[in-house]
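Okay, structure first, notes after.
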Amino acid sequence: MNCLVVDDEKLALELLEDNVKKVPFLSLSFSCRNSIEALEVLKENKIDLIFLDIKMPGLTGLEFIQTLQNPPLIILVTAFEHHALEAFSLNVVDYLVKPVAFNRFLLAANKAHDLFMLRHPQQSVPLQNDHIFVNAGYSLVKVRLQDIIYIEGLRDYVRIHLINDNVVTTRISMRSLEEKLNQQFFMRVHKSFIISLDKIESVQKYRLVIQGREIPVGESYRNTLQSYITTRNI
């Protein structure tokens, strides 16, 4: 599950990040210090679960939830108990009061995972499709997933870079295309780039090389990429 953690306190944010990294079925995608940053993340990225503080400057956590039309699963993490009734009226998964013991955090995470699997039963098995169709010009073009090297976002369009220097340009958002791709094989590493994981040749702090081409790695995507690399490091 792709996770977003939101807390204006640095130490609290770091603790949430560490807890998320300890849970095998959670993947830390983004960390934000306020609700406005979190709204920007949700506009462009697929987030399955948010760990959210309540008391933040500007837009509070509860106000943030009320702005979302189709919110992902949300677990509130706060120092205050008296918001619990209002929070559960907003259909949050759980309400954690700081300081949060890891076993209590894990209990909430398991609850969210169970709900996620009920809503998305297809996520329990890898997708078997080996291709997608995209609009290109006046045609639907078949794109074999194994041929994709990387995908480049250009405002309202994306360029799908394929082997043999072929490129397919289609009018679709990066977020919509990302949702169609199996996350076992593809990863968003920048607001403008999705890459094929099995074609990575080398990785540095702020860039990677894929099929001889340099791709930037965005600051907010580094943790997810590093987690992937760490699990395959020998």
Side-chain angles (χ1 to χ4, degrees), residues 1-4 6 25-32 35-50 64-65 67-74 112 115-163 166-200 208 210-211 213 215-225 228:
M1 298 172 65
N2 296 325
C3 297
L4 165 64
V6 189
F25 54 82
L26 300 183
S27 175
L28 179 61
S29 296
F30 296 94
S31 299
C32 297
S35 296
I36 302 303
E37 290 180 11
L39 286 173
E40 291 302 313
V41 167
L42 291 178
K43 285 181 182 178
E44 296 293 332
N45 302 277
K46 180 180 180 294
I47 298 297
D48 303 312
L49 174 62
I50 303 176
F64 165 77
I65 296 172
T67 69
L68 305 178
Q69 291 186 346
N70 296 296
L73 298 171
I74 296 174
L115 286 171
F116 179 78
M117 298 309 295
L118 285 172
R119 295 182 184 183
H120 307 279
Q122 73 277 9
Q123 298 293 330
S124 60
V125 296
L127 296 177
Q128 299 300 314
N129 293 337
D130 64 354
H131 63 274
I132 56 175
F133 283 93
V134 298
N135 285 297
Y138 297 98
S139 303
L140 280 172
V141 176
K142 180 180 179 179
V143 175
R144 288 167 53 87
L145 299 183
Q146 67 182 31
D147 292 343
I148 297 175
I149 300 173
Y150 67 93
I151 298 164
E152 179 182 9
L154 302 167
R155 293 193 177 183
D156 296 331
Y157 294 83
V158 299
R159 285 180 181 165
I160 305 174
H161 295 260
L162 307 169
I163 59 175
N166 293 323
V167 179
V168 175
T169 302
T170 182
R171 189 184 181 100
I172 190 174
S173 71
M174 288 285 280
R175 180 175 181 177
S176 296
L177 186 53
E178 182 182 14
E179 291 176 350
K180 295 179 183 297
L181 299 173
N182 190 327
Q183 295 179 24
Q184 290 185 353
F185 307 110
F186 294 91
M187 180 181 293
R188 193 164 184 174
V189 297
H190 186 276
K191 66 179 182 179
S192 299
F193 289 95
I194 298 171
I195 55 100
S196 175
L197 291 167
D198 69 348
K199 296 181 177 65
I200 296 175
L208 58 84
I210 185 165
Q211 299 277 302
R213 307 170 203 194
I215 304 294
V217 177
E219 180 72 30
S220 57
Y221 298 86
R222 282 174 52 207
N223 286 337
T224 303
L225 178 63
Y228 169 80

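When a residue number appears, it is its place in the shown sequence, counting from 1.
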Say you draw a straight line from [atom1] of [X] to [atom2] of [Y]; how long is it, rounded to the nearest 0.5 Å?
X: H161; Y: E152; atom1: NE2; atom2: CD; answer: 4.0 Å
X: S196; Y: F185; atom1: OG; atom2: CZ; answer: 9.5 Å
X: S176; Y: K46; atom1: OG; atom2: NZ; answer: 12.5 Å
X: S31; Y: N223; atom1: OG; atom2: CG; answer: 6.0 Å
X: C32; Y: L4; atom1: SG; atom2: CG; answer: 5.0 Å
X: Q211; Y: L162; atom1: CD; atom2: CG; answer: 11.0 Å

Please collect all salt bridge (Lys or Arg N to Asp or Glu O under 4.0 Å) contacts where either partner lies in residues 166-176, sequence neighbours excluded, each pair once.
->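 Applying salt bridge (Lys or Arg N to Asp or Glu O under 4.0 Å) to every pair that reaches into residues 166-176, excluding sequence neighbours, yields D156-R171, R175-E179.
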Are side-chain heavy atoms of [X] and [Y] found at a separation under 4.5 Å?
X: K191; Y: M174; value: no
X: P72; Y: D48; value: no
X: T224; Y: S29; value: yes

Go through the steps to decide whether V158 and V168 satisfy the test side chain to side chain contact (heavy atoms under 4.5 Å, CB included), and finish with yes or no.
-> CA-CA 8 Å; V158 299; V168 175; over 6 Å; no
Which of these passes side chain to side chain contact (heavy atoms under 4.5 Å, CB included) with I210: V189, I195, D198?
->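 With I210 as partner, V189, I195, D198 yield a single side chain to side chain contact (heavy atoms under 4.5 Å, CB included), made by I195.
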Side chain to side chain contact (heavy atoms under 4.5 Å, CB included) partner of V41, the single match among I50, V6, I47 |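 Going through I50, V6, I47 one by one, the side chain to side chain contact (heavy atoms under 4.5 Å, CB included) with V41 is satisfied by I47 alone.
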All salt bridge (charged side-chain N to carboxylate O under 4.0 Å, His left out) counterparts of R159, not counting sequence neighbours |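 R159 satisfies salt bridge (charged side-chain N to carboxylate O under 4.0 Å, His left out) with no other residue.
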Contacts under 3.5 angstrom, residues 141-149 side chains, donor-acceptor by atom type, not counting sequence neighbours:
none

Going through the distances and angles, do I160 and V167 end up as a side chain to side chain contact (heavy atoms under 4.5 Å, CB included)?
-> CA-CA 6 Å; I160 305 174; V167 179; over 6 Å; no
Backbone N or O of [Y] within a donor-acceptor pair of the [X] side chain at under 3.5 Å?
X: T170; Y: A136; answer: no
X: R222; Y: L225; answer: no
X: N135; Y: L140; answer: no

Any chance you could lay out the side chain to side chain contact (heavy atoms under 4.5 Å, CB included) test for L42 and F64, step after step, and finish with the verdict?
-> CA-CA 12 Å; L42 291 178; F64 165 77; 3.8 Å; yes
May I have the step-by-step check of side chain to side chain contact (heavy atoms under 4.5 Å, CB included) for L177 and I132, ending in yes or no?
-> CA-CA 10 Å; L177 186 53; I132 56 175; 3.9 Å; yes
Should we say atom NZ of K199 is surrounded by more than 12 heavy atoms from elsewhere, each under 6.0 Å from it?
->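 More than 12 heavy atoms, drawn from other residues, nucleotides or ligands, come within 6.0 Å of this atom.
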Shortest non-hydrogen separation from N45 to E178 and the atoms involved |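 Shortest heavy-atom separation between N45 and E178 comes out as CA-OE1, 4.3 Å.
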So, Y221 versus F30, ring centres under 6.0 angstrom or not?
->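 Yes, the ring of Y221 comes within the 6.0 Å limit of the ring of F30, centre to centre.
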